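A quick write-up on the structure given underneath.
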Number of protein chains: 2
Amino acid sequence: MIDPSADRAVFRQLADLLRDQITSGDLAPGEPLPSELRLAQEYAISRTTVRQAIGQLRTEGLVTVDRPRGTFVRVPEPTETITLPRGARAAARMPTDAERRHHRLPEGVPVLVITTSDGTTTVHPADRVQLTRP
Amino acid sequence: MIDPSADRAVFRQLADLLRDQITSGDLAPGEPLPSELRLAQEYAISRTTVRQAIGQLRTEGLVTVDRPRGTFVRVPEPTETITLPRGARAAARMPTDAERRHHRLPEGVPVLVITTSDGTTTVHPADRVQLTRP
DNA sequence: AGCGATTTGTTCGTATGTATG
DNA sequence: CCATACATACGAACAAATCGC
């Protein structure tokens with residue numbers, strides 16, 4: 001499973017394992033991951049290393065942590081479709097900490113920034129908003 | 001500067017400090033941050049905590065790490081503007097590992113996914129692409 | 001060419017705090 | 001009140017890559 005002597009870091013190997021289980025559906029959306037302590041014992045690695053692996057999946061937006069209930073496979077949010085106004089431009093980037101709190105964004109979710117032709121900008125959570133051009 | 005007894009975590013306080021220096025231009029694009037050891041000594045905190053703060057800035061796409069040369073303020077890429085086709089939809093999300101390698105994406109950079117009306121999808125690095133509707 | 005210093009990466013151990021059940 | 005589980009923070013050690021002398 002995990003080879004400490006391998007070239008790839010242990011925490012990346014664990015992240016790969018968990019990511020595979022998520023993308024394959026073995027771990028379905030809403031399902032909890034095993035606890036950090038459980039994973040540490042199961043793979044005979046430290047809890048710090050487990051947390052590094054889970055941290056990786058968090059930045060990828062694959063899991064969310066509901067402290068202290070556990071870590072769960074992220075459930076896709078229903079998306080709202082927004083029309084990109086004429087002459088407007090749209091870009092995507094990671095939110096700042098303040099924007100994360102303001103929009104109650106889970107980790108690993110970008111924001112869509114729309115700048116209209118009059119210069120005003122709006123910020124939308126990318127997990128709940130799609131753009132379209134009719 | 002940093003108050004260990006404050007409500008906000010120390011590593012977030014340091015991330016805030018560095019982020020302010022970056023957004024204010026005090027730390028210009030391409031400039032190196034002080035080394036982890038230097039920051040740890042300067043603020044009398046552990047290197048682990050410094051790394052947490054820098055990790056935060058990495059996920060926000062504000063800095064990139066060139067190991068072992070140092071950590072640098074990310075230099076904005078020249079952006080290309082793409083017209084969102086009629087009937088198409090656009091979404092943003094974090095790239096998969098494969099997409100990161102394929103597009104040579106640094107950490108903390110989302111992708112723009114454009115789905116045209118015929119169902120084909122294209123993936124664009126969000127640090128180099130903007131959308132527009134003429 | 002070599003060698004030491006510097007810097008980031010990884011991993012371990014440990015401890016305390018906080019929220020939930 | 002107690003057990004569980006995640007958050008934060010400290011310290012330590014070694015590896016790997018780069019740089020300057």
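Quick note on labels: first sequence line is chain A, next is B, and so on, each numbered from 1. All values reported here derive from a predicted model rather than from experimental measurement.
- Applying the side chain to side chain donor-acceptor pair (under 3.5 Å) test to A:E107 and every residue at least two apart in sequence or in another chain returns A:R58.
- Evaluation of the side chain to side chain donor-acceptor pair (under 3.5 Å) rule for B:T64 yields no partner, not counting sequence neighbours.
- For residues 83-95 of chain B, every residue pair satisfying the salt bridge (charged side-chain N to carboxylate O under 4.0 Å, His left out) rule, not counting sequence neighbours, is listed here: B:R93-B:E99.
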(request) Could you run through nucleotides 8-16 of chain C and give me one letter per nucleotide, 5' to 3': B if any protein heavy atom sits under 4.0 Å from the base, S if only the sugar-phosphate is that close, - if neither? (result) BBBBBB---

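- Evaluation of the salt bridge (charged side-chain N to carboxylate O under 4.0 Å, His left out) test over residues 111-134 of chain B, restricted to residues two or more places apart or in two chains, returns B:R74-B:D127.
- The side-chain contact (heavy atoms from CB on, under 4.5 Å) check on B:A44 picks up nothing, with sequence neighbours excluded.
- Within the structure, side-chain hydrogen bond (donor to acceptor under 3.5 Å, both in side chains) pairs that include any residue of residues 22-32 of chain A do not occur (at least two apart or interchain).
- Scored by the side-chain contact (heavy atoms from CB on, under 4.5 Å) test, A:R104 finds no partners at all (sequence neighbours excluded).
- Along DNA chain D, read 5' to 3', the first and last nucleotides having any atom under 4.0 Å from a heavy atom of chain A are D:dA5 to D:dT8.
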